[in-house]
Amino acid sequence: MYEVRPGQSVELLKELHILTRDGKMNQDSRRKLKQVFHLFQFIEPLLKDIQQTHPDISLVDHGAGKSYLGFILYDLFFKSQEGQPHIYGIETREELVKHSQDLAARLDFKGMSFLNLSVAESISSPSLPAKVDMVTALHACNTATDDAIHFALEKQAQHIVLVPCCQAEVAAVLKRNKNRMLSQTPLVELWRHPIHTREFGSMVTNVLRCLQLEAHGYQLNVTELVGWEHSMKNELIIASRTNQPNRRSAKRLQEMLEMLGLEELSGRFFLPA
Ligand SMILES: C[S@@+](CC[C@H](N)C(=O)[O-])C[C@H]1O[C@@H](n2cnc3c(N)ncnc32)[C@H](O)[C@@H]1O
């Protein structure tokens with residue numbers, strides 16, 4: 001059973017419909033809150049790690065939606081910190097951006113900004129700093145997670161936390177090249193049937209993402225988020241920058257693309273220059 005923590009904004013929990021107006025726990029939202037809290041257990045030590053070097057932590061949350069994650073992070077961690085830590089929410093749906101902007105103003109959460117941009121646009125947007133400390137993307141749809149990785153690499157993020165959504169691009173290329181691959185490898189059996197194309201495609205996508213991050217000098221912790229009911233969406237990828245590009249992972253990434261007939265996606269899963 002979830003208990004409201006000391007210092008936590010009851011107003012925020014009401015606004016996020018976690019507490020009803022009379023202060024009771026909204027049963028439907030409990031599950032979501034449990035998930036976000038579970039994720040917070042992974043994120044908090046990373047924030048503390050950044051804090052050891054400077055207090056003005058910058059975090060960018062991609063595909064923010066209603067900014068559940070951003071608001072909870074701000075409430076539990078950012079708002080009590082010294083310096084000027086900041087959370088940016090990136091979201092393409094204008095009404096959600098407006099909703100989050102209004103809520104942050106009502107709660108006086110001054111260190112939160114919400115930008116109506118796609119993840120890809122945010123990479124070059126002047127509204128964001130040249131470097132950021134941490135990037136999160138929780139169920140950012142389709143290739144938005146890949147764009148979030150691109151963003152994090154550009155901004156030299158110290159930590160990246162991803163809970164990927166289903167990605168359709170890899171499965172589409174597997175499907176398109178299936179006939180060619182049938183004569184080349186028995187491994188094609190892994191994605192010959194449409195349901196396998198989708199599931200294998202999802203798994204391969206995350207594997208390629210992991211190799212790409214390692215190739216760019218990140219150390220990974222890839223694990224499962226318990227309590228997430230959708231098995232294809234419960235993978236948690238935490239990447240921490242080490243500045244030591246892994247050449248073996250770069251080679252493996254290239255080999256995987258060739259072996260699976262995905263060479264055309266080498267721009268998506270690009271390697272360090
Ligand atoms: C499944 S929701 C997840 C929302 C939130 N992160 C959460 O977990 O509650 C995905 C959100 O990403 C947004 N989105 C999808 N593609 C995007 C893109 N390319 N750039 C920015 N936002 C995107 C959608 O509008 C949607 O609000």
Side-chain angles (χ1 to χ4, degrees), residues 2 12-13 15-18 26 28-43 59-76 78 87-104 109 112-125 127-128 132 134-155 157 159-172 198 202 205-206 209 224-238 265 267-269:
Y2 174 74
L12 171 65
L13 296 176
E15 290 287 352
L16 296 178
H17 304 295
I18 290 163
N26 180 340
D28 290 343
S29 304
R30 265 179 58 197
R31 187 185 180 83
K32 177 84 184 168
L33 189 68
K34 213 175 125 205
Q35 293 171 343
V36 172
F37 269 97
H38 189 59
L39 197 54
F40 180 67
Q41 287 173 18
F42 290 95
I43 294 177
L59 182 148
V60 179
D61 183 37
H62 286 295
K66 287 185 182 161
S67 291
Y68 234 93
L69 177 63
F71 276 111
I72 297 282
L73 288 179
Y74 194 86
D75 194 35
L76 288 184
F78 282 66
I87 295 184
Y88 299 84
I90 307 297
E91 170 57 52
T92 40
R93 282 177 59 191
E94 198 180 351
E95 73 279 14
L96 295 182
V97 174
K98 176 83 177 62
H99 181 271
S100 295
Q101 285 168 339
D102 291 348
L103 180 54
F109 285 2
M112 292 191 89
S113 310
F114 302 92
L115 303 172
N116 189 199
L117 294 170
S118 71
V119 181
E121 288 164 346
S122 72
I123 296 170
S124 56
S125 166
S127 305
L128 287 152
V132 306
M134 187 153 167
V135 169
T136 55
L138 176 53
H139 294 156
C141 313
N142 199 5
T143 51
T145 300
D146 302 294
D147 293 336
I149 291 174
H150 187 174
F151 176 95
L153 296 177
E154 275 296 311
K155 304 286 183 181
H159 299 289
I160 309 170
V161 176
L162 307 169
V163 182
C165 207
C166 304
Q167 200 252 37
E169 189 179 47
V170 168
R198 199 178 64 222
S202 260
T205 305
N206 287 345
R209 286 167 173 160
E224 183 189 23
L225 265 176
V226 291
W228 240 267
E229 85 276 13
H230 194 307
S231 66
M232 297 312 283
K233 294 184 184 176
N234 68 350
E235 186 164 330
L236 170 66
I237 301 174
I238 299 177
L265 292 177
R268 167 72 66 207
F269 302 102

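In each ligand, atom 1 is the first atom listed, and ligand 1 is the first ligand listed. The analysis underlying the following values was restricted to heavy atoms, covering all of them including side chains, and did not include hydrogens, waters or symmetry mates. Since we're looking at a predicted model, the values are computed, not measured.
At least one heavy atom of Ala64 sits closer than 4.0 Å to an atom of ligand 1. Heavy atoms of Leu117 approach ligand 1 to within less than 4.0 angstrom. Between Val119 and ligand 1 there is a heavy-atom distance shorter than 4.0 Å.
Atom 12 (O) of ligand 1 has as its closest protein heavy atom Gly63 CA, 3.4 Å. Protein heavy atom at the shortest distance from atom 9 (O) of ligand 1 is Lys32 NZ, 3.0 Å. If you check which protein heavy atom lies closest to atom 19 (N) of ligand 1, you get Ala144 CB, 3.8 Å. Of the protein's heavy atoms, Cys141 SG, 3.6 Å lies nearest to atom 15 (C) of ligand 1. Protein heavy atom at the shortest distance from atom 23 (C) of ligand 1 is Thr92 OG1, 3.4 Å.
Of the listed residues (Glu95, Glu91, Glu94, His139), the one carrying the non-hydrogen atom nearest atom 24 (C) of ligand 1 is Glu91.
When side chains are defined from C-beta on, Phe114 does not count as touching Leu96, because their heavy atoms never get closer than 4.5 Å. When side chains are defined from C-beta on, Leu162 does not count as touching Arg209, because their heavy atoms never get closer than 4.5 Å. You'll find the side chain of Lys66 stays beyond 4.5 Å of the side chain of Leu16, heavy atoms only. Side chains of Met134 and Ile160 form no contact here, defined as non-hydrogen atoms less than 4.5 Å apart.
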message = Does Glu235 form a side-chain contact (heavy atoms from CB on, under 4.5 Å) with Val163? I'd like the steps, not just the answer.
response = CA-CA 6 Å; Glu235 186 164 330; Val163 182; over 6 Å; no
key: Evaluation steps, side-chain hydrogen bond (donor to acceptor under 3.5 Å, both in side chains), between Asn142 and Gln167   = CA-CA 4 Å; Asn142 199 5; Gln167 200 252 37; 5.1 Å; no
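Under the 6.0 Å cut-off for aromatic ring centres, Phe37 and Phe42 do not qualify, their centroids lying 6.0 Å or more apart.
Listed by atom number, the atoms of ligand 1 under 4.0 Å from Ser118 heavy atoms are 20 (N), 21 (C). Taking every non-hydrogen atom of Arg93 and a distance limit under 4.0 Å, the qualifying atoms of ligand 1 come out as 25 (O). Atoms of ligand 1 found under 4.0 Å from any heavy atom of Gly65, numbered from 1 in the order shown, are 4 (C), 27 (O).
Heavy atoms of Leu96 found under 4.0 angstrom from ligand 1 belong exclusively to the side chain.
Under the side chain to side chain contact (heavy atoms under 4.5 Å, CB included) test applied with Val97, the options Leu117, Asn116, Asp102, Leu115 reduce to a single match, Asn116.
Between Phe109 and Tyr74, the two ring planes are tilted [angle within 30° to 60°].
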